[in-house]
Amino acid sequence: MRRPVPLNALIGGSLIGLLVLTAAVALVWTPYDPLAVNLRARMVPPGAAYPLGTDEFGRDVLSRLMAGAASSTIVSLATVAFAVVAGGTLGLVAGFLRGWTDRALMAVNDALLAFPGILLALGFLVVFGASKWGIVIALGLAYAPSVARVVRGTVLSIREREYVEASRVIGNPEHVTLWRHVAPNCIAPVAVLATSMFGWVLLSESALSFLGLGVPPPAPTWGNMLAGSRPFMESAVWLGIAPGLCIALSLLGINLLGDWLRDRLDPRMAVHA
Amino acid sequence: MLGYLARRLVMTLPTLLLVGVTVFVMMRLVPGDPVLVMLGDTATEADIADMRAALGLDQPLPVQFALWLSRVAVGDLGASITNGQPVFWLILERFEVSASIVLVAVAAAALIAVPLGLVAAWKQNSTADLAIVAGATILVSVPSFWLGLLLLLLFGLKLGWLPVVGFVPFSENFALALSFLVLPIVTLIMIEVGVLTRMSRAAAIEVLRLEYVTHARAKGLPEWRVLLRHVLPNAFAPTWTLIGLILGNLLGGIAVLETVFTLPGLGRLLVDGIFARDYPVVQGCLLFIALIYVIVNLIVDLMYPLFDPRVTAE
């Protein structure tokens with residue numbers, strides 16, 4: 001069944017490695033200042049001085065893409081971390097305590113799950129405002145309920161196992177049983193979910209930026225670069241190609257990596273083979 | 001069977017109530033005083049107090065919620081702050097545009113994706129399977145708004161086959177209306193084919209391993225009959241659920257495509273409402289889209305027994 005070389009892991013890993021590397025480099029160095037306006041070098045096609053050309057303000061596209069990679073990666077990682085911590089805690093507590101705590105927490109959770117994710121994010125964005133951290137909170141809150149549901153389900157199936165009983169019998173306090181014996185078993189399903197979520201968040205963040213509801217300009221993001229390229233779609237094709245390709249390749253990387261991870265880690269998904 | 005339908009219908013009521021509570025709380029969390037937003041900077045103290053009383057904002061929160069719910073339940077979503085039109089009619093008008101795109105695109109995508117997924121699963125690990133999986137994974141990874149821009153660049157600007165900007169209602173000029181909708185629909189089909197192919201392939205692989213399939217083959221049934229009569233119905237069930245989720249998600253998510261193709265759809269109404277701080281419009285869109293999402297999922301669940309009769313036996 002398993003291919004000798006897991007092609008999806010190889011390609012996905014390389015693409016995501018490249019993304020993270022680019023983001024890290026961009027934090028300390030970019031070929032030009034991504035915000036520097038140079039009116040004498042407007043709309044320069046890709047060439048020796050500007051490998052990916054310049055935009056309508058003479059800003060270097062490559063530098064802006066690199067800065068965009070950093071911003072997308074940071075926003076996506078922060079959002080996923082927020083969703084995992086918030087949703088994970090909720091799911092752990094609800095599943096472990098059960099009873100009315102569980103019912104109350106899950107009622108709130110189900111209310112949020114009754115909305116399509118992107119709609120919930122748009123709603124929260126109205127509350128928290130369109131800024132870098134506004135997006136992190138809005139998208140994090142929108143995705144946390146799915147984490148809560150997965151974690152609660154896992155906890156419910158684990159809490160009845162013998163080794164959890166054993167931990168109680170030897171006199172461990174409940175919080176030790178919860179953190180030492182129950183929580184670690186949620187890591188595999190959460191890792192699978194978090195990987196896909198990184199992709200969804202990256203896409204949602206780009207879409208929000210594209211709509212003008214993301215990180216405010218002039219700070220470059222792939223989404224707002226793409227939106228900015230629309231008036232020049234015909235005259236300066238490179239402006240619209242490069243940011244979209246960056247988003248697509250990052251998503252491809254994360255999807256391939258997610259497929260591989262799911263096959264490896266999630267026993268329920270690793271079809272009865 | 002009837003028990004299942006009744007249970008599922010009754011379960012919808014608390015969900016709808018929770019949706020209402022969520023939107024109500026969300027709109028109360030919005031920073032700034034809604035009365036000041038509606039009245040503008042020139043309002044006097046007395047104006048503000050009158051408006052507050054008129055809107056019931058001087059009442060305790062549970063009373064406010066009950067008042068609010070009684071209005072919303074009969075479709076009174078207030079008037080838009082920007083143009084004074086009733087939000088309910090604005091939404092219905094925009095919904096028509098979004099719904100026609102989404103329904104046509106998702107239906108077409110399902111018709112393409114389900115057979116593709118079935119063939120890929122049937123020939124698992126063959127070259128054809130690899131090609132289908134690779135193609136689907138690439139389609140899933142392309143952002144819809146970028147694909148839309150590329151198609152617009154190619155067919156609108158370079159080849160000049162289709163109009164680039166604008167929209168005409170079907171009632172005015174059918175052919176012209178269609179020409180504006182071809183590209184958004186094609187874009188959406190391509191994206192959703194990726195998602196649905198992956199799902200239907202995964203589901204079909206699981207079903208193909210079950211013993212009843214081996215049994216059907218052992219009986220000597222022709223392979224096409226095994227696939228269509230025995231594998232397809234069971235493998236389609238999870239895809240069917242996914243279709244419901246996609247339909248709901250698209251009503252909000254289609255805002256980006258409506259922006260690319262400058263279409264006056266529901267997603268665009270919501271986003272413009274957010275920009276203009278037109279809270280009645282935002283609130284109306286949130287409620288309406290969530291309601292449609294709940295209804296679509298309800299319909300999906302009610303039709304589910306057609307593919308998988310086991311769910312009614314619970």
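These numbers were taken from a predicted model, which means no experiment stands behind them. Both backbone and side-chain heavy atoms feed into the values below; hydrogens, waters and symmetry mates do not. In what follows, chains carry the letters A, B, and so on, assigned in the order in which the sequence lines appear, proteins first and then strands, with residues in each chain numbered from 1.
Separation of atoms CG (B:Leu157) and CD (A:Glu234) is listed at 4.5 Å; rounding is to 0.5 Å. In this structure, A:Leu251 CG and B:Thr137 OG1 are separated by 12.0 Å, a value rounded to the nearest 0.5 Å.
For a residue to count as touching a neighbouring chain, one of its non-hydrogen atoms must lie under 4.5 Å from one of that chain's; by this rule A:Ser204 does not touch chain B. Proximity to chain B (any heavy atom under 4.5 Å) is shown, for A:Ile254, by neither the backbone nor the side chain. Only the side chain of A:Val237 comes within contact range of chain B, judged by heavy atoms closer than 4.5 Å. Residue A:Leu208 does not touch chain B at all, counting heavy-atom pairs closer than 4.5 Å. Heavy-atom distances place the side chain of A:Phe210, and not its backbone, under 4.5 Å from chain B. Neither the backbone nor the side chain of B:Val21 comes within contact range of chain A; no heavy atoms are under 4.5 Å apart. The contact between B:Val19 and chain A is made by backbone and side chain atoms together, counting heavy-atom distances below 4.5 Å. In this structure, no portion of B:Leu17 lies under 4.5 Å from any heavy atom of chain A.
Proximity of B:Leu29 to A:Phe128: side-chain heavy atoms (C-beta onward) are nowhere separated by under 4.5 Å. By the 4.5 Å heavy-atom criterion applied to side chains, B:Phe145 and A:Leu203 are counted as neighbours. You'll find the side chain of B:Ile289 stays beyond 4.5 Å of the side chain of A:Phe115, heavy atoms only.
Taking each heavy atom of A:Ala107 and B:Leu18 in turn, the nearest pair found is O-CD1, 3.6 Å. In plain terms, the two heavy atoms of B:Ser141 and A:Asn255 that are nearest each other are OG-ND2, 3.0 Å. In plain terms, the two heavy atoms of A:Leu211 and B:Phe275 that are nearest each other are O-CZ, 3.1 Å. Contact between A:Gly117 and B:Asn249 at its shortest, heavy atoms only, is N-OD1, 3.4 Å. Heavy atoms only, all atoms of each residue included: A:Arg230 and B:Thr259 are closest at NH2-O, 3.0 Å. A pairwise comparison of heavy atoms in B:Tyr293 and A:Leu113 identifies CE2-O, 4.0 Å as the closest pair.
The backbone N or O of A:Gly240 sits less than 3.5 Å from a side-chain atom of B:Trp146, completing a donor-acceptor pair.
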- Query: Going through the checks in order, is the side-chain contact (heavy atoms from CB on, under 4.5 Å) test met by B:Leu149 and A:Leu226?
  - Reply: CA-CA 9 Å; B:Leu149 282 176; A:Leu226 209 48; 3.9 Å; yes
- Assess whether side-chain contact (heavy atoms from CB on, under 4.5 Å) is satisfied between B:Arg277 and A:Val126, documenting all intermediate values. CA-CA 8 Å; B:Arg277 299 186 172 279; A:Val126 178; over 6 Å; no
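Your options are B:Val23, B:Val142, B:Val271, and the one with the most heavy-atom pairs under 4.5 Å with chain A is B:Val271. Listed options B:Leu245, B:Leu16, B:Thr22, B:Leu250 were ranked by heavy-atom pairs under 4.5 angstrom with chain A; first place goes to B:Thr22. No other option in A:Asp110, A:Ile241, A:Leu112, A:Leu120 has as many heavy-atom pairs under 4.5 Å with chain B as A:Ile241. Interface remark: of the candidates A:Val108, A:Leu119, A:Ile118, A:Leu119 forms the most heavy-atom pairs closer than 4.5 Å to chain B.
For B:Arg268, the CZ atom is densely surrounded, since the number of other residues' heavy atoms within 6.0 Å is greater than 12.
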